[in-house]
Amino acid sequence: SNTVDDTLVTYYYYNDDNAQENLQTALDSVKTFNKLFGKYPYKTLNVVKTNFVHGGMEYPNLVYISDEVTGADYKNVIVHEIAHQWWYGVIGSNAFRNAWLDEGLTEYSTALFYEENPDYGIDYNELIKSTNNSYVTFVDLYTEILGKLDTSMNRHIDQYGTEPEYVYMTYVKGMLLFDNLREVVGKNNFLIGLQAYYSENAFNNVNPDNFIAAMEKTCKRELRNYINSWIEGKFVIVSKP
């Protein structure tokens, strides 16, 4: 255990030779997201290595990290699940109806973590580029196999045909949406918008309109049509050289 910004972070583990490093990743995550989004409101956060079916899982004040995850991926899951404390934990949303709103923003928050912490050895621009090209490859392959692919993000979870389609449209495309929005409004405006979204909606359940309203208010420009073009699958993503 150790404390960062008044929050006691505890790492529970077994068979982990890198326990101190993994605790430090959790501490760095809380510190970074406090700075970028707004202060974590709770006094405790527990990170638990466990026999879990997926890579990780988020709960208020508690995250699971699967013991099946290894290497750098383990730290990545720690960062991702802790980011969920902001996007799902403090700001609630309907993950069945709008999965991209928490999963996409959490994936993008993970990218922001690496941008703020270069010692982790993951370059932000290269991460975005590889994510972008992975998405384009997925769309091309699925379109070739199926003849067409629905790239909309405003579907209920049970409306996705396959798990990869769900992952790419919520996690991957969601991450790209937030990066592209940042390019449109500028990094400073984007982060101020996220801070406003966080402070104005803490401890409430939101929908995409709340996010759009916070961004429009901060940036003083109309963004609804642009964001909706992504959500509705009208925006075309191309490969990055």
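As a basis for the values below, the full set of heavy atoms in this structure was taken, side chains included, without hydrogen atoms, waters or symmetry mates. Everything numeric in this text was worked out from a predicted model, so none of it was measured.
The 12-atom threshold is not exceeded at CD of E163, counting heavy atoms of other residues, nucleotides or ligands nearer than 6.0 Å. Within 6.0 Å of atom CD in Q20, 12 or fewer heavy atoms from other residues, nucleotides or ligands are found, so the atom counts as exposed in its surroundings. By the 6.0 Å contact criterion, NZ on K240 is enclosed, its count of non-hydrogen atoms from other residues, nucleotides or ligands being greater than 12. Counting non-hydrogen atoms of other residues, nucleotides and ligands closer than 6.0 Å to OH of Y13 gives a total of 12 or fewer. Within a 6.0 Å radius of OH in Y42, other residues, nucleotides and ligands contribute more than 12 heavy atoms. For E183, the CD atom counts as densely surrounded, since its 6.0 Å shell holds more than 12 non-hydrogen atoms of other residues, nucleotides or ligands.
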Starting from the C-alpha separation in whole Å, work towards a yes-or-no answer on ring-ring contact (aromatic ring centres under 6.0 Å, His included) for W87 and F37. CA-CA 10 Å; W87 320 125; F37 310 140; 5.0 Å; yes

Determine, step by step, whether V185 and T218 satisfy the side chain to side chain contact (heavy atoms under 4.5 Å, CB included) criterion, reporting the C-alpha distance in whole Å, the side-chain angles of both residues, the deciding distance to 0.1 Å, and the verdict. CA-CA 10 Å; V185 303; T218 300; over 6 Å; no

V184 vs R221, side chain to side chain contact (heavy atoms under 4.5 Å, CB included): CA-CA, chis, key distance, verdict: CA-CA 11 Å; V184 169; R221 59 186 293 183; 3.8 Å; yes

Does the side chain to side chain contact (heavy atoms under 4.5 Å, CB included) test come out yes or no for T32 and N117, once each step is laid out? CA-CA 8 Å; T32 299; N117 296 275; 3.0 Å; yes

From CA spacing to verdict: side chain to side chain contact (heavy atoms under 4.5 Å, CB included), M175, L127: CA-CA 11 Å; M175 176 180 173; L127 176 59; 3.9 Å; yes

Apply side chain to side chain donor-acceptor pair (under 3.5 Å) to the pair N22 and D16, showing each step before the final yes or no. CA-CA 9 Å; N22 290 327; D16 190 344; 2.8 Å; yes

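The shortest heavy-atom contact between F178 and G104 is CE1-C, 3.6 Å. Between L177 and M153, the shortest heavy-atom distance links the atoms CD2-CE, 4.2 Å. Closest approach of T151 and K173 over heavy atoms only: O-NZ, 2.7 Å. A214 and A196 make their closest contact through CB-C, 4.5 Å (heavy atoms, listed as atom of the first residue, atom of the second, distance). Across D102 and H84, no two heavy atoms sit closer than the pair OD2-CE1, 3.2 Å. Smallest separation of non-hydrogen atoms from Y197 and I91: O-CD1, 3.4 Å.
Ring orientation note: the planes of H156 and F96 are tilted relative to one another, at an angle of 30° to 60°.
Clustering ILVMFWY residues whenever any of their side-chain heavy atoms sit less than 4.5 angstrom apart, transitively, puts V238 in a cluster other than the one holding F235. Two different hydrophobic clusters hold V63 and Y88 under the rule that ILVMFWY side chains link at heavy-atom gaps under 4.5 Å. Residues V4 and V90 fall within the same hydrophobic cluster, defined by Ile, Leu, Val, Met, Phe, Trp and Tyr side chains chained together at heavy-atom separations under 4.5 Å. Residues L105 and I192 do not share a hydrophobic cluster, defined by chaining ILVMFWY side chains whose heavy atoms lie under 4.5 Å apart. Follow the hydrophobic side-chain contacts under 4.5 Å out from I65 and you never reach Y12; the two are in separate clusters.
Looking at D6 and K39, their side chains come closer than 4.5 Å, going by heavy atoms from C-beta outward. With a 4.5 Å cut-off on side-chain heavy atoms, Y135 and T131 do not count as touching. In this structure, the side chains of D28 and Y120 come closer than 4.5 Å at one or more pairs of heavy atoms. The side-chain heavy atoms of M215 and F190, taken from C-beta on, include a pair separated by under 4.5 Å. In this structure, T137 and S134 have side chains that are not in contact, with every pair of non-hydrogen atoms separated by 4.5 Å or more. F113 is listed as a side-chain neighbour of S29, based on a closest heavy-atom distance under 4.5 Å. Residues N2 and V9 are not in side-chain contact: their nearest non-hydrogen atoms beyond the backbone lie 4.5 Å or more apart. You'll find the side chain of V206 stays beyond 4.5 Å of the side chain of F211, heavy atoms only.
The closest donor-acceptor contact from the side chain of E144 to the backbone of G147 lies at 3.5 Å or more, if one exists at all. Checked by atom type and distance alone, the side chain of R155 pairs as donor or acceptor with a backbone atom of D150 at under 3.5 Å. N98 places no side-chain N or O within donor-acceptor distance of the main-chain N or O of L101, the cut-off being under 3.5 Å. In terms of modelled atom types and a separation under 3.5 Å, the side chain of E107 and the main chain of Y171 share no donor-acceptor contact.
Side chain to side chain, Q85 and Y40 meet the donor-acceptor criterion of an N or O pair below 3.5 Å. Judged by distance alone, the side chains of T162 and Y142 do bring a donor and an acceptor atom under 3.5 Å apart. Side-chain atoms of S109 and W86 form no donor-acceptor pair, as typed in the model, at a separation below 3.5 Å. Judged by distance alone, the side chains of N180 and Y226 do bring a donor and an acceptor atom under 3.5 Å apart. Side-chain contact of Y124 with D179: a donor-acceptor pair under 3.5 Å is present, judged by distance alone. Using a 3.5 Å distance cut-off with no hydrogens or angles, the side chains of D5 and N34 do pair a donor with an acceptor.
For the atom pair CG (N133) and CG (D140), the distance works out to 10.5 Å, reported to the nearest 0.5 Å. Taking CG of L27 as the reference point, atom OG1 of T3 lies at 8.5 Å (rounded to 0.5 Å). A distance of 15.0 Å separates CE of M169 from CD of E103, quoted to the nearest 0.5 Å. Summarising the geometry, atom CG belonging to L181 is positioned 10.0 Å from atom CG belonging to N189; distances are rounded to the nearest 0.5 Å. Expressed to the nearest 0.5 Å, how far CG of N61 lies from CG of L8 amounts to 11.0 Å. Atom CG of N188 is separated from atom CG of L191 by 7.0 Å, given to the nearest 0.5 angstrom.
Applying the salt bridge (Lys or Arg N to Asp or Glu O under 4.0 Å) criterion to E126, with sequence neighbours excluded, gives no partner residue.
Contact check on K31 versus E116 returns no salt bridge, with no Lys/Arg side-chain nitrogen under 4.0 Å from an Asp/Glu carboxylate oxygen. A salt bridge links E115 with R182; the closest basic N to acidic carboxylate O contact falls under 4.0 Å. A salt bridge links D209 with R224: at least one charged nitrogen is closer than 4.0 Å to a carboxylate oxygen.
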Using distance only, find each side-chain donor-acceptor pair of residues 72-79 under 3.5 Å and give its atom names and separation, not counting sequence neighbours.
unit_1: Y74; atom_1: OH; unit_2: Y11; atom_2: OH; d: 2.7
unit_1: K75; atom_1: NZ; unit_2: E21; atom_2: OE1; d: 3.2
unit_1: N76; atom_1: OD1; unit_2: Y114; atom_2: OH; d: 2.7

Cut-off 3.5 Å, no hydrogens considered: what does the side-chain donor-acceptor table look like for residues 44-60, sequence neighbours left out?
unit_1: K49; atom_1: NZ; unit_2: Y14; atom_2: O; d: 3.0
unit_1: K49; atom_1: NZ; unit_2: N15; atom_2: O; d: 3.1

